[in-house]
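Only this structure's heavy atoms are used, side chains among them; waters, hydrogens and symmetry mates stay out. To find a chain, count down the sequence lines: A is the first, B the second, and so on, and within it residues start at 1.
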Number of protein chains: 2
Amino acid sequence: MRMPATPNHLDQTLLALADPTRRAILQRLSAGEVRVTELAQPFAMSLNAVSKHIRVLERAHLVHRRREGREHLLSFTPKPMDDVARWMDAQRANWSARLQALDDLLQEEDRVLASAPPPKKGRTR
Amino acid sequence: MRMPATPNHLDQTLLALADPTRRAILQRLSAGEVRVTELAQPFAMSLNAVSKHIRVLERAHLVHRRREGREHLLSFTPKPMDDVARWMDAQRANWSARLQALDDLLQEEDRVLASAPPPKKGRTR
DNA sequence: TTGATATTCAACCCAGAGGTTGAATGATGC
DNA sequence: GCATCATTCAACCTCTGGGTTGAATATCAA
């Protein structure tokens, strides 16, 4: 499927989060601003690779870049994760609503059975 | 980056969620079990394509398949999303902890300034 | 200026995602 | 048995993701 012409925010956020390197970067940034080179240092990959990861995070608005001379200072921007949280909450609300409905149904069934006159030779179950 | 030899659960869950078709599938399934063909019907793509999406969701343990004769009944399994929620919560906890620390620092600074001997021409605030 | 440092840009590689079509498998119903 | 229905398997295509290396750009420092 050619990804929809307009990949929405959830797509980009979730895609950005679906990589351990990028999650590590966010973790690091949640402790405060870091320069690109400093950020890349602990990773077992080229600076360029990290630079690309950063761009993905920026595209998802999870990271903000502040230029100061030749240094680029990166910081974490949590807002997009709220959208993810909201989607997941809605999803799980649906799910539990359905389970609750099922449960209610079963209880109603039991109630009806219990109030039925007991047959001579036992229940039909 | 050759994805790490062992893609962890978060990777697979987030990757599975990072596609609108798959999110739509989950949404549909959260209302209850559905057959593959029935599930695929509203999508503007082949049955095979949907079948592949289902496999991605199964790999992430977001969907469970129950065979009944020739029909495969799919259902939503929310557990992996809990892990995502936990990771995001931890992430945001870090973030706010750091903001709080920053805030404390600023307040401490203010306190120190406030307790300094008042300059001749009044408080700095 | 010149040289070092911080960062990106550009070109390339390869594996995998998402899609297609056509054939295979397996249950159902006559 | 035979046709049909539900589903996957297999092969293929194209695009993108994540990585590399090497060159370009911009700032700092001398």
Side-chain angles (χ1 to χ4, degrees), chain A residues 1-26 28-29 33-60 62-75, chain B residues 1-26 28-29 33-60 62-75:
Chain A
M1 184 196 298
R2 217 46 45 248
M3 265 295 93
T6 65
N8 68 36
H9 283 194
L10 269 186
D11 288 349
Q12 300 203 148
T13 305
L14 287 164
L15 197 76
L17 292 177
D19 178 288
T21 302
R22 289 193 290 263
R23 286 198 303 278
I25 289 178
L26 289 185
R28 179 85 189 281
L29 290 185
E33 277 188 335
V34 186
R35 288 187 310 122
V36 171
T37 317
E38 193 181 348
L39 183 63
Q41 193 271 322
F43 292 104
M45 71 184 69
S46 74
L47 176 64
N48 265 348
V50 174
S51 181
K52 280 192 178 184
H53 280 300
I54 294 170
R55 252 192 311 156
V56 173
L57 290 167
E58 277 186 294
R59 188 178 61 184
L62 283 163
V63 157
H64 175 252
R65 180 192 305 258
R66 180 168 75 82
R67 250 147 289 225
E68 188 161 293
R70 62 182 160 181
E71 306 184 342
H72 296 205
L73 299 184
L74 306 169
S75 53
Chain B
M1 185 194 301
R2 218 45 45 251
M3 264 295 93
T6 65
N8 69 37
H9 283 192
L10 270 184
D11 288 349
Q12 302 203 148
T13 305
L14 288 164
L15 197 77
L17 293 177
D19 179 288
T21 303
R22 289 193 290 263
R23 286 199 303 279
I25 289 178
L26 288 186
R28 179 83 189 281
L29 289 185
E33 277 189 335
V34 185
R35 289 187 307 123
V36 172
T37 317
E38 193 181 348
L39 183 64
Q41 194 270 323
F43 292 102
M45 71 184 70
S46 75
L47 176 62
N48 266 348
V50 174
S51 181
K52 281 190 179 187
H53 280 299
I54 294 169
R55 251 193 310 157
V56 173
L57 290 167
E58 277 185 296
R59 190 179 59 183
L62 282 163
V63 156
H64 175 252
R65 181 193 303 259
R66 180 169 74 83
R67 251 147 288 227
E68 189 161 292
R70 63 183 159 180
E71 306 184 342
H72 296 205
L73 300 184
L74 306 168
S75 54

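With DNA chain C read from its 5' end, the first of the two nearest nucleotides for B/Val50 and A/Val36 is the one closest to A/Val36. Mapped onto DNA chain D by nearest heavy atom, B/Glu71 and A/Leu47 fall at different nucleotides, with B/Glu71 at the one closer to the 5' end.
With values rounded to the nearest 0.5 angstrom, A/Arg65 atom CZ is found 6.0 Å from A/Ile54 atom CD1. To the nearest 0.5 Å, atom NE2 of residue B/His64 and atom CG of residue B/Leu73 are 10.5 Å apart. Once rounded to the nearest 0.5 Å, the distance linking OG1 of A/Thr13 with CG of A/Asn8 reads 8.5 Å. To the nearest 0.5 Å, atoms CG (A/Leu17) and CG (B/Leu17) are separated by 10.5 Å. The distance from atom CD of B/Glu68 to atom CZ of B/Arg66, rounded to the nearest 0.5 Å, is 4.5 Å. Note that CG of A/Leu15 is 10.5 Å distant from CG of A/Leu57, once rounded to the nearest 0.5 Å.
Of the side-chain N and O atoms in A/Arg35, one or more sit less than 4.0 angstrom from OP1 or OP2 of C/dA6. Using a 4.0 Å cut-off, no side-chain N or O of A/His72 falls inside it from OP1 or OP2 of C/dA6.
Between A/Arg65 atom CZ and C/dA6 atom P there is a gap of 15 Å when expressed in whole angstrom units. Straight-line distance from the CD1 atom of A/Ile54 to the C1' atom of C/dC9: 15 Å, rounded to whole Å. Taking atom CD of A/Gln41 as the reference point, atom P of C/dA6 lies 12 Å away to the nearest angstrom. The distance from atom CG of B/Asp11 to atom P of D/dG17 is 16 Å, rounded to the nearest whole Å. The distance from atom NZ of B/Lys52 to atom P of D/dA11 is 12 Å, rounded to the nearest whole Å. Between B/Leu15 atom CG and C/dG18 atom C1' the separation is 12 Å, expressed in whole Å. For B/Phe43 and C/dT20, the CZ to P distance is 13 Å, given to the nearest whole Å. Atom pair A/Met45:CE and D/dT20:P shows a separation of 7 Å (rounding to whole Å applied).
For B/Arg70, there are no side chain to side chain contact (heavy atoms under 4.5 Å, CB included) partners two or more places apart in sequence or in a different chain. Contacts of A/Ser51 classified as side chain to side chain contact (heavy atoms under 4.5 Å, CB included), with partners at least two apart in sequence or in another chain: none. Listed by chain and residue number, B/Ala16, B/Arg22, B/Arg59 satisfy the side chain to side chain contact (heavy atoms under 4.5 Å, CB included) test with B/Val56 (two or more places apart in sequence, or in another chain). Contacts of B/Gln41 classified as side-chain hydrogen bond (donor to acceptor under 3.5 Å, both in side chains), with partners at least two apart in sequence or in another chain: none.
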Nucleotide N/O to protein N/O under 3.5 Å, stretch nucleotides 24-30 of chain D:
unit_1: D/dT27; atom_1: O2; unit_2: A/Arg70; atom_2: NH1; d: 3.4

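Of the listed nucleotides (D/dA11, C/dT8, C/dC9), C/dC9 has the atom at the smallest distance from the side chain of A/Arg55. Among C/dA17, C/dT20, C/dG18, the nucleotide with an atom closest to any side-chain atom of B/His53 is C/dG18.
In this structure, A/Arg67 reaches neither bases nor backbone, as no heavy-atom distance under 4.0 Å exists between it and the strands shown.
Between the side chain of B/Asn48 and the base of C/dG18, no donor-acceptor pair under 3.5 Å is found.
Where DNA chain D pairs in unbroken runs of 3 or more (Watson-Crick or G-U, both distances under 3.5 Å), the stems are C:1-30 with D:1-30.
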